Protein chains: 2
Amino acid sequence: MCRPRDRADGMGVERYESPDAETVADVVSTALHEGAVVTAEVACEVEYDGRTSGYLGPGDRLVVAKPDGTLLVHQPTKHKPVNWMPTGGTIVTSVAETADEPVIVARRSNPRERVEVRVRETYGLTRFDAADAAEYEESGTEAEMHEYIEAHPEELEDGLRIVEHERETKYGFIDFYAVDAEGTPVVVEVKRVQATLNHFDQLKRYVSLYEDTGDVRGLLVAPSASERVERACRDAGLEFVALPEFETDATLGNATLTDFD
Amino acid sequence: MCRPRDRADGMGVERYESPDAETVADVVSTALHEGAVVTAEVACEVEYDGRTSGYLGPGDRLVVAKPDGTLLVHQPTKHKPVNWMPTGGTIVTSVAETADEPVIVARRSNPRERVEVRVRETYGLTRFDAADAAEYEESGTEAEMHEYIEAHPEELEDGLRIVEHERETKYGFIDFYAVDAEGTPVVVEVKRVQATLNHFDQLKRYVSLYEDTGDVRGLLVAPSASERVERACRDAGLEFVALPEFETDATLGNATLTDFD
DNA sequence: TAATGCATTTCGGAA
DNA sequence: TTCCGAAGTGCATTA
């Protein structure tokens with residue numbers, strides 16, 4: 001394997017300044033094979049072919065290649081990479097004979113697609129042998145909202161009794177199948193975010209399953225809903241239940257020590 | 001502004017090996033302010049608070065900060081960053097007094113949220129003054145599929161006539177409002193990808209708007225659909241129309257010269 | 001600014 | 001493997 005021109009001080013990081021095409025191909029291939037992450041500051045063109053197809057003309061970008069086959073091409077703005085290959089791809093880096101330039105190709109099947117990064121110039125290249133066993137822990141998800149509702153169905157309506165969580169039907173899964181104080185079946189669809197028309201649709205689909213078996217109610221539960229969604233519910237005989245206590249707002253969160261600007 | 005320890009050869013790239021906390025804070029702030037992208041290989045902890053809240057324990061990650069306020073924290077696998085701030089955030093980098101460690105905080109309001117990266121160790125830091133004016137050009141999108149259908153409605157059904165594209169209703173926009181050979185109104189919902197139950201829902205919502213005005217048909221147009229979606233359509237009196245010519249498959253695309261492995 | 005729907009959505013879980 | 005739905009979805013578009 002090829003050695004970096006400037007051995008980095010940082011543990012697990014090897015840096016190459018303006019590497020030639022062969023070095024790029026060599027380092028990228030070796031690093032990915034050995035489980036390291038590669039970052040490169042390059043001028044490049046990108047071509048994508050697969051679910052759609054597209055072309056990105058020459059420009060300076062940050063390219064990230066991960067050992068799981070992920071490839072990201074980032075422009076200087078935006079959260080989303082302009083081109084990419086998700087986990088599970090195969091990344092092959094070679095040198096285009098015609099131009100003596102590195103070419104990074106990521107592919108996968110199912111769906112069959114392909115990203116080709118034609119590197120015009122490599123300003124810098126970093127191999128990062130990252131050790132990361134940590135898993136992200138999150139709270140405030142819809143799953144937690146489900147737990148809360150299962151424990152406190154009366155927050156939705158007095159006398160409501162949960163019969164089943166995640167009940168499967170021939171048209172999909174119902175969040176909660178419940179029964180109200182009168183004994184009428186209630187289908188409950190829970191959303192962590194503001195309810196949308198699609199959420200309304202979803203509830204309507206589930207409720208329609210039970211309509212021919214007699215009286216059924218449908219509850220759309222969310223922190224809020226647009227006027228249009230509330231109207232759609234009314235028109236369709238469904239009920240929207242606002243649970244504003246699930247409104248997320250970081251101002252309620254505890255500020256940390258480093259929170260001083 | 002602080003100078004890099006090792007001046008990079010690459011145009012527009014400045015590299016810092018194992019920079020101390022003050023250098024990190026200085027370089028990140030200056031670079032972002034001046035429109036450059038910053039990449040750092042670090043050991044860090046991350047805390048997020050906003051739409052949900054979460055914590056990522058210590059580990060090695062790639063951190064990318066963009067001048068538009070985007071912040072990305074990447075673990076060594078996956079397409080998606082484990083933590084992030086989308087475009088429009090404000091990134092403030094400082095030095096935690098207690099530990100003499102860099103702390104990168106990205107915030108935004110609407111929704112109010114906050115990412116804090118507590119950097120335990122900085123293996124390397126790169127400032128990249130990327131010049132990129134190119135825009136990604138894409139084809140094969142749903143918009144193009146619409147154009148095709150508008151030009152060739154007979155591909156959906158003999159005698160079908162498009163009356164209106166993107167017709168607005170009180171429950172959202174209909175892809176196509178059309179009339180069949182018999183003069184019956186037809187609501188058409190087009191999907192570029194395999195049709196899902198949500199797509200079926202969407203069509204059903206639109207069709208329901210016209211049901212009280214008389215006979216209406218609903219067409220769900222997509223390259224394919226699951227068995228459950230087809231059944232849902234049948235049960236609801238809607239029709240699924242397969243347009244397999246829009247099945248995306250890169251094997252049909254033209255292989256490029258560099259496509260040699 | 002809010003609302004609506006597409007997206008090369010990605011991702012995880014279950015059958 | 002496919003199917004289904006959540007996601008801190010992001011993002012453009014339009015009112």
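Just so it is clear, the structure is predicted and the values come from calculations on it, not from any experiment. Labels below follow one simple rule: chain letters A, B, ... track the order of the sequence lines, proteins then strands, and each chain is numbered from 1.
- Residue B:Y206 places at least one side-chain N or O under 4.0 Å from the OP1 or OP2 atom of C:dG5.
- Mapping B:H79 and A:V229 onto DNA chain C by nearest heavy atom places A:V229 at the nucleotide closer to the 5' end.
- In this structure, A:V82 reaches the bases: a heavy-atom distance under 4.0 Å links it to at least one base atom across the strands shown.
- Both A:K80 and B:A225 sit near DNA chain D, but only B:A225 has its closest nucleotide nearer the 5' end.
- A:T141 comes within contact range of the sugar-phosphate backbone alone, with a heavy-atom separation under 4.0 Å but no base atom that close.
- Note on B:N110: only backbone sugar-phosphate atoms sit closer than 4.0 angstrom, heavy atoms only; bases stay farther off.
- A stacking contact links B:W84 to D:dG8: the aromatic ring centre lies within less than 5.5 Å of the base's six-membered ring centre, and the planes differ by less than 30°.
- Among the nucleotides C:dT8, C:dG12, D:dG8, the one closest to the side chain of B:R51 is D:dG8.
- For A:K78, the side-chain atoms get nearest to D:dC11 when compared with the rest of C:dG12, D:dC11, C:dT8.
- Nucleic acid contact class of A:R231 (heavy atoms, under 4.0 Å, all strands): none.
- C:dG13 is paired with D:dC3 under the criterion used here, namely a Watson-Crick or G-U wobble arrangement in which both key atom distances are under 3.5 Å.
- Under a cutoff of 6.0 Å and an axis angle of 45°, B:R205 and B:Y171 do not form a cation-pi pair.
- Counting non-hydrogen atoms under 4.0 angstrom, B:E189 reaches the backbone sugars and phosphates but no base.
- B:Y55 comes within 4.0 angstrom of no nucleic acid atom, judged by non-hydrogen atoms across all strands.
- Distances from the side chain of A:Q202 to the nucleotides D:dG5, D:dA7, C:dT4 place D:dG5 closest.
- Closest approach of B:G54 and A:Y136 over heavy atoms only: CA-OH, 3.3 Å.
- By the stacking rule of 5.5 Å between ring centres and under 30° between planes, B:Y48 stacks on the base of D:dG8.
- Side-chain nitrogen and oxygen atoms of A:R228 include none within less than 4.0 Å of the OP1 or OP2 phosphate oxygen of D:dA15.
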TODO: I would like to know whether B:V82 and B:V46 meet side-chain contact (heavy atoms from CB on, under 4.5 Å); could you show each step before the answer?
DONE: CA-CA 9 Å; B:V82 61; B:V46 187; 5.7 Å; no

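- Both B:E227 and B:P86 lie close to DNA chain D; mapped to their nearest nucleotides by heavy-atom distance, the more 5′-ward contact belongs to B:E227.
- Residue contacts shown for B:F200 are absent, as no nucleic acid heavy atom lies under 4.0 Å away.
- Of the charged side-chain nitrogens involved, at least one lies within less than 4.0 Å of a carboxylate oxygen, so that B:R118 and B:E116 count as a salt-bridged pair.
- Here B:T87 lies in heavy-atom contact (under 4.0 Å) with sugar-phosphate atoms only.
- Around atom CD of B:E150, more than 12 heavy atoms belonging to other residues, nucleotides or ligands sit under 6.0 Å away.
- Nucleic acid contact class of A:V193 (heavy atoms, under 4.0 Å, all strands): sugar-phosphate only.
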